[in-house]
Peer 1: 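This is the structure, below, for whatever I ask next.
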Amino acid sequence: MHDSPTPHHPPAPSKPMDAIVALCKRRGFIYQASEIYGGLNGFWDYGPLGTLLKRNLREAWWQDVVMLPCWGRPGPDGKPVSILPVDTRIIQHPKVWEASGHVAGFNDPMVDCRLTKQRYRYDHVQVFVPASGDAGDKPLFAYISDQPSEAKQRKKAEKAHGPLSSVLLSSLPQPWARVIAPDADAPGSLTEPRQFNLMFHSFVGATASESDKVYLRPETAQGIFAQAKNVWDTNRVRVPFGIAQAGTSFRNEVTPRNYTFRSREFEQMEVEFFVVPPEHLEGDEPATSSPLDWYRFWRDWRMEWWKSVGLGSDNLQLREHDKDELAHYSQATSDIEYRFPFSAPGFGELEGVAYRGSFDLTQHQKHSGTKLEFRDTARGQTLPNGSRRGVAYVPHVIEPSAGLDRGVLAILCEAYTRDESRPSPELMKFHPRLAPIKAAVFPLIEKDGMPEVALRLHAELSRRFARLGLIETDAKQSIGKRYARMDEAGCPFCFTVDGDTLTAQTVTVRDRDSGAQQRVHLDAVPAFLSDKLGL
RNA sequence: GCGGGCGUAGCUCAGUGGUAGAGCGUCAGCCUUCCAAGCUGAACGUCGAGGGUUCGAGUCCCUUCGCCCGCUCCA
């Protein structure tokens, strides 16, 4: 999470995270996983309303990214944006993760210092020892080369031992009782090296030998890259185009924290958008757009999209990465970030949009031995018959990678509203498109024929809208209490059958956010709701 | 992984080593013509889990799990 400064945004009034968590439990949005067994660190389940909310957000992404990409808006090349979906497996060939860098980069053993709470990569820790050999009972001084600790420890070590040589910590026998950690001033504080496996693993087959070891994917992206060639070989697509996938990923986080924000099992919604490398654009026909054009297009549209599903406040920001923050293969990356109650005044990442060059496909090409070049028959030299010779290249990629569970959490936080001026202060202001409950129908009182009319209206609305979300009805207790319950669940519209309904064929519709009411003809209710849900 | 705080009803929380509590919510009935209203009643707990001390543990001790905060980590 970034504590990025926000010079142009005044700090928003913070919302109490505790109250949001309590509401989410109380109304069945989010439960702790395996709660009856004491819970499991880093895992959260969704209850009925949470499941619907999450499904609605995933569905909104699916509709707007896959089915009608970018709302039908043309890309920077003026043409419709082309996206195809895939659904790849959580478990891939282990070499996929070697190619992606996940195996090498995240299996480093670390040692901790019990005194200073510092953590060091085991293979980076070196130790000054007497050049003569035996140090007797004297302490040994550990350091990290090119860090301040090197000079500091060298000075102390020379004083203690005279001429020095240095060895790796790993060459000394454990426990390192006489070793003084790089930033400590007493010996014996280093823990034994610990492996930090950020990827979960399992075994294929029943014998569970090391050669059968597989990993649970830490991102959905690599399944896309691994199938990119199949997709372009079998689908008559042409670069630029994208492949999209939503699915579950796993990261064995060191410290799961902040409610569902950093869960060990989570769902991603990713696009790998393949574009023509810059070297194939020059003097080329047909003119198309550069990777950076596409990068900016996706970055800006993804920002708009998050606003469109209800994150319109200044709690949402776009943050372009600094040069020194970029991965070595990326020329541009930005994060779409939300100011969560627990991160404020800092922000937490919802989606990263990265221009990754050809890094991923090139890696897979190298590790698999399979050429991952796209044969672009619209480019290259024009032949006498008017066709093109074609060129082959490894496409560059723009990756908009969003966290679904983080999106849900941001929506929950943004929707949570406490208004002390209302009889029931807590309400969830979900965008109607995301609201788990789309509408409720009440009889004002449970007699005089009102329940019958309400049930008929409820049945009709259910027939028309239940595919999108719940349509509720409730006749118990006072009308205020029923409105309040719907407010808390984030239901945007309540239709109430009253005395006038029986004579004038009208009902009241109450707006969740304002509490305002208007009368609508009974027959016009479906059209009213349809309009409000943006259908 | 380290340090600190916390864990009692669905939620928020009281609870002095001596019978397990309140408010809200939930449910039922009555009442009720628009905002958690009123009246009556009901259900709901292995006090996070395991062990120990004690005649007796929600309370004291140990272990463990989980949540929150700060470090650390965050491809």
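We name chains A, B, ... by the order of the sequence lines, and we start the count at 1 in each one.
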Peer 1: Classify the ring geometry of A/Phe273 against A/Trp294: parallel below 30°, tilted from 30° to 60°, perpendicular beyond 60°.
Peer 2: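 Aromatic pair A/Phe273/A/Trp294 classed tilted.
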Peer 1: Could you say whether A/Arg519 or A/Pro256 is positioned toward the 5' end of RNA chain B, judged by the nucleotide with the nearest heavy atom to each?
Peer 2: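 Going by which nucleotide is closer to the 5' end, it is A/Arg519.
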Peer 1: Whether the A/Gln222 and A/His364 side chains hold a donor-acceptor pair (N or O, under 3.5 Å, no angle test) is what I'd like checked.
Peer 2: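 Indeed, the side chains of A/Gln222 and A/His364 share at least one donor-acceptor pair under 3.5 Å.
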Peer 1: For the pair A/Arg356 and A/Glu272, find out whether any cationic side-chain nitrogen is under 4.0 Å from an anionic carboxylate oxygen.
Peer 2: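 The answer is no: the pair does not qualify as a salt bridge.
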Peer 1: Whom does B/G38 pair with, Watson-Crick or G-U wobble, provided both distances fall under 3.5 Å?
Peer 2: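 With both distances under 3.5 Å, B/G38 matches B/C30.
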Peer 1: Quantified in whole Å, what is the C1' atom distance between nucleotide B/U26 and nucleotide B/U12?
Peer 2: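 Result for the C1' pair: 15 Å, nearest Å.
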Peer 1: Under 4.0 Å between a side-chain N or O of A/Asn258 and OP1 or OP2 of B/C68?
Peer 2: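 Checking A/Asn258 against B/C68: no side-chain N or O falls below 4.0 Å of OP1 or OP2.
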Peer 1: To the side chain of A/Ser478, which of B/C69, B/A37, B/C67 is closest?
Peer 2: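 Nearest to the side-chain atoms of A/Ser478, counting from C-beta on, is B/A37.
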Peer 1: Between the protein and nucleotides 21-28 of chain B, are there any N/O to N/O pairs under 3.5 Å, and if so, what are the atom names and distances?
Peer 2:
{"unit_1": "B/U26", "atom_1": "OP1", "unit_2": "A/Arg485", "atom_2": "NH1", "d": "2.2"}

Peer 1: What is the nucleic acid contact for A/Asp18, judged by heavy atoms within less than 4.0 Å: base, sugar-phosphate only, or nothing?
Peer 2: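 Result for A/Asp18 = nothing.
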Peer 1: Expressed in whole Å, how much space separates the C1' atoms belonging to B/A43 and B/G50?
Peer 2: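 After rounding to an integer number of Å, I get 30 Å for this pair.
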Peer 1: Across the strands shown, which category fits A/Arg251 at heavy-atom distances under 4.0 angstrom: base, sugar-phosphate, nothing?
Peer 2: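 The answer is base, as A/Arg251 lies within the cut-off (heavy atoms under 4.0 Å) of a base atom.
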Peer 1: Should B/C71 form a Watson-Crick or G-U wobble pair with both distances under 3.5 Å, which nucleotide is its partner?
Peer 2: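 Answer to the pairing question: B/G1, which forms a Watson-Crick or G-U pair with B/C71.
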Peer 1: Parallel, tilted or perpendicular: which describes the rings of A/Tyr338 and A/Phe340, with under 30° parallel and over 60° perpendicular?
Peer 2: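 Rings of A/Tyr338 and A/Phe340: perpendicular, as their planes differ by over 60°.
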Peer 1: Kindly give the heavy-atom pair with the smallest separation between A/Phe347 and A/Asn315, and that separation in Å.
Peer 2: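 Closest pair (atom of A/Phe347, atom of A/Asn315, distance): CE2-O, 3.3 Å.
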Peer 1: Which one is paired to B/A57, where only Watson-Crick or G-U wobble pairs with both distances under 3.5 angstrom count?
Peer 2: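 Base-paired to nothing in any strand shown.
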Peer 1: Indicate, with a heavy-atom threshold strictly under 4.0 Å, whether A/Gly42 touches base, sugar-phosphate, or nothing.
Peer 2: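 Sugar-phosphate, no base atom in range.
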Peer 1: Kindly point out which of B/C67, B/A75, B/C35 is positioned nearest to the side chain of A/Tyr483?
Peer 2: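 Of B/C67, B/A75, B/C35, B/C35 is nearest to the side chain of A/Tyr483.
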Peer 1: Counting heavy atoms from C-beta on, name the nucleotide in B/A36, B/C69, B/C34 closest to the side chain of A/Thr496.
Peer 2: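 That would be B/C34.
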Peer 1: Students often get this wrong, so: under 4.0 angstrom with heavy atoms, is A/Met450 touching a base, only sugar-phosphate, or nothing?
Peer 2: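 Result for A/Met450 = base.
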Peer 1: Of the options B/C11, B/C34, B/C69, whose atoms approach the side-chain atoms of A/Gln517 most closely?
Peer 2: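 Selected nucleotide: B/C34.
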Peer 1: Using a cut-off of 4.0 Å on non-hydrogen atoms, how would the nucleic acid contact of A/Asp498 be classed: base, sugar-phosphate, or nothing?
Peer 2: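 Touches a base.
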Peer 1: State the pairing partner of B/C6; accept Watson-Crick or G-U wobble contacts with both distances under 3.5 Å, and report none otherwise.
Peer 2: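 Checking every strand shown, B/C6 finds its partner in B/G66, with both distances under 3.5 Å.
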Peer 1: Name the pairing partner of B/G21, where a pair is Watson-Crick or G-U wobble with both distances under 3.5 Å, or state none.
Peer 2: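 Partner of B/G21: B/C13.
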Peer 1: Reckon A/Gln32 touches a base, only the sugar-phosphate, or nothing at all at heavy-atom distances under 4.0 Å?
Peer 2: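 Result for A/Gln32 = sugar-phosphate.
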Peer 1: Using only atom types and a distance under 3.5 Å, with no angle test, would you say the side chain of A/Arg406 pairs donor to acceptor with the backbone of A/Phe261?
Peer 2: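 The answer is yes, because a donor-acceptor pair under 3.5 Å joins these two groups.
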Peer 1: Between A/Phe342 (CZ) and B/C69 (C1'), how many Å, whole number?
Peer 2: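 Roughly 13 Å, once rounded to whole Å.
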Peer 1: From B/G66, B/A75, B/U33, pick the nucleotide closest to the side chain of A/Pro218?
Peer 2: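 For A/Pro218, the side-chain atoms sit closest to B/A75.
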Peer 1: When you compare B/C39 with B/U32, how far apart are their C1' atoms, in angstrom units rounded to a whole number?
Peer 2: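 So the two C1' atoms sit 12 Å from each other.
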Peer 1: Counting side-chain heavy atoms from CB outward, which of B/C35, B/U33, B/A36 is closest to A/Ala484?
Peer 2: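 Of B/C35, B/U33, B/A36, B/A36 is nearest to the side chain of A/Ala484.
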Peer 1: Which of parallel (below 30°), tilted (30 to 60°) and perpendicular (above 60°) describes A/His396 and A/Tyr355?
Peer 2: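 Rings of A/His396 and A/Tyr355: tilted, 30 to 60°.
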Peer 1: According to a strict under-4.0 Å criterion, is A/Lys447 in side-chain N/O contact with OP1 or OP2 of B/U32?
Peer 2: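 Yes, A/Lys447 has a side-chain N/O under 4.0 Å of OP1/OP2 on B/U32.
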Peer 1: Mind checking A/Glu35 for me? I need base, sugar-phosphate or nothing, with any heavy atom below 4.0 Å counting as a touch.
Peer 2: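 Counting heavy atoms under 4.0 Å across all strands, no contact is made by A/Glu35.
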Peer 1: Between A/Trp298 (side chain only) and A/Glu399 (backbone N and O only), is there a donor and an acceptor less than 3.5 Å apart?
Peer 2: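 Between the backbone of A/Glu399 and the side chain of A/Trp298 there is no qualifying donor-acceptor contact (under 3.5 Å).
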Peer 1: Below 3.5 Å, does any donor atom in the side chain of A/Tyr37 face an acceptor in the base of B/C65, or the other way round?
Peer 2: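 Absent.
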Peer 1: Need one value for A/Tyr259: base, sugar-phosphate or nothing, where a base atom within 4.0 Å counts as base even if backbone is also close, heavy atoms only.
Peer 2: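 Sugar-phosphate, no base atom in range.
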Peer 1: Give A/Arg257 one of three labels, base, sugar-phosphate or nothing, depending on what nucleic acid heavy atoms sit under 4.0 Å from its own.
Peer 2: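 Since a base atom lies under 4.0 Å of A/Arg257, the category is base.
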Peer 1: Specify the residue among A/Ala22 and A/Glu446 whose closest nucleotide of RNA chain B lies further upstream toward the 5′ end.
Peer 2: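 The answer here is A/Ala22.
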Peer 1: Which nucleotide sits closest to the side chain of A/Thr255: B/C67, B/U72, B/U32?
Peer 2: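 The closest nucleotide is B/U72.
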Peer 1: Considering every strand and a 4.0 Å limit on heavy-atom distances, what is the contact class for A/Thr508: base, sugar-phosphate, or nothing?
Peer 2: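 Here A/Thr508 touches the bases of the nucleic acid.
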Peer 1: Taking OH from A/Tyr31 and P from B/G48, how many angstroms apart are they, rounded to a whole number?
Peer 2: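 Rounded to whole Å, this separation is 21 Å.
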Peer 1: Look at A/Asp487 together with A/Lys429 and state whether they make a salt bridge at an N to O cut-off of under 4.0 Å.
Peer 2: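 Looking at A/Asp487 and A/Lys429, the cut-off is not met.
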Peer 1: Should the ring pair A/Trp97 and A/His102 be called parallel, tilted or perpendicular, given that the plane angle runs from 0 to 90° and is split at 30 and 60?
Peer 2: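 Answer is perpendicular, since the angle exceeds 60°.
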